[in-house]
Amino acid sequence: MTPRVRALLGPVLMTTLVVGACGPEGGVHDIAIVDGLVIDPETGLFDRVNVGIRDRTIVTMSREPLEAERVIDATGLIVSPGFIDLHEHGQTEESYALMVRDGVTSAFELEVGTGDVAGWYAERQGGQLVNHGVSVGHIKARMEVLDDPSEGLLPAGVGGSGSANEEQMAAMEAILRRGLDEGAVAVGFGSAYTPGADMDEIERMFAIAAEYDASVHIHIRNGVAGLDSTIAAARSVGAPLHVVHANSSAGEAIDEFLARIQAARDGRQDVTTETYPYGAGMTEIQSALFDDWRSWPDERFREHQLVSTGERLDRESFARARQEGGTVIIHGRTDEMTRTAVVSPLTIIASDGYIEDGRGHPRTSGSYSKVLGRYVRDERALNLADAIRKMTLMPAQRLEGRTPAMARKGRLQVGADADVTIFDPLAVIDRATYEDATIPAAGIPYVIVAGTLVVDGGSLTDARPGGAVRAPLR
Ligand SMILES: [Zn+2]
């Protein structure tokens, strides 16, 4: 280990592999990763160990030389469990191709989710770049039941702002139950996008998730006050709660927001949260988030950048875009707010990204490399082991109660799934920008998904080994 790499580790307890091999002795592996610095956040391993992979699984960890069809020389590189992104709307090859070069090996769409879980998995059958999974979404159920006019991700009318009668509530419950029976890994919510859904409705839908031991992944409304009522609703029905993007939901109240989550955890409630490492957000301009736009002061429009053209908006161009539809980037949070969210021991790193037709938010392409390059290496605001834990073990643990397959991910151990990200701690960095979100991250030369290289020497391969991650069917 070089002194510069050692300095990145910070004050961590370092565990070394018990000398000798774990796993089967001898035999040829599909892939051997040799001479890298291997990190496993669950056991605390942080040591130079050779890793042998066979049949999609890590089968050997040893100081001895390993025989393999393909040997990867990882000298000077960190060998980590593949990163797990709990919040990725871009569930297409276009987005996967950028995320995987940022080290992501499993991508989940859990906030918005889908109304048709079986159909969602069927569309992705036959292999993708990364492992993938989905929630059944209350937003989507509401759009369907209330007959929202939007064809996009989010409601643009009655599905968001309308209120549901008893019959419609029952229909939504039925959609959630069906999705969970079909193996949805969680239940998605966006009360900020569905102002017509009062807390009684939200709590009633949380209760369905609780029946299935499924976590609820929610984009809350109304900042800290909204967080309080959401925590109370989850507690009253016993639903495991995951609050998406604490950074953007809290804004300048980030310290208080995180303190409320810590207080709930101290009270033994199952509450987790996440952040992406950027000062700007992105969403659809026709969504309910902007329903009050007519009352905004002129200067607020400038904080909004239209994704299709890159232009900053004013009152007139905002009104036009709101009419026509599209995606908008919302600038405004300070570096300090972002840093507070990124370094908190409570936050999982999750991108909230998607790229469509070459356009989107740089968080799709750079969330993980930005944390490792900027916050760990350049600013020393976070140590490497803690950063890796936020990208691997913590998201795996969030889902493994309902989805046992996740207990084999987020770990680098004999018997774990061979999803592995290998990066250069001195070179890893995001490169995507708000103007061009499709520039891949640098410093991540190898990514292995299900025992197969999908990034080799920094370039994508033709392999599509990523499979469905799904809760047991009922
Ligand atoms: Zn989102």
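Each ligand, and each atom within it, is numbered from 1 in the order the structure gives.
Between Glu109 and the options His89, His132, His217, a side chain to side chain donor-acceptor pair (under 3.5 Å) holds for only His89.
Pairs of residues two or more places apart, or lying in two chains, that qualify as ring pair (Phe, Tyr, Trp, His ring centres under 6.0 Å) and include a residue from residues 363-393 are Phe83-Tyr368. Applying the ring pair (Phe, Tyr, Trp, His ring centres under 6.0 Å) rule to pairs touching residues 320-343 yields His331-Tyr434, sequence neighbours excluded.
Counting only protein atoms, the N, O or S atoms lying less than 2.8 Å from the Zn ion (ligand 1) are His87 NE2, His89 NE2, Glu111 OE1, Asp352 OD1, ordered by chain and residue number.
In Glu379, the CD atom is crowded: over 12 heavy atoms of neighbouring residues, nucleotides or ligands sit closer than 6.0 Å.
For the pair Arg363 and Tyr276, the cation sits on the ring face: its NZ or CZ lies under 6.0 Å from the ring centre, inside 45° of the axis.
Not counting sequence neighbours, the partners of Tyr212 by the side chain to side chain donor-acceptor pair (under 3.5 Å) test are Asp181.
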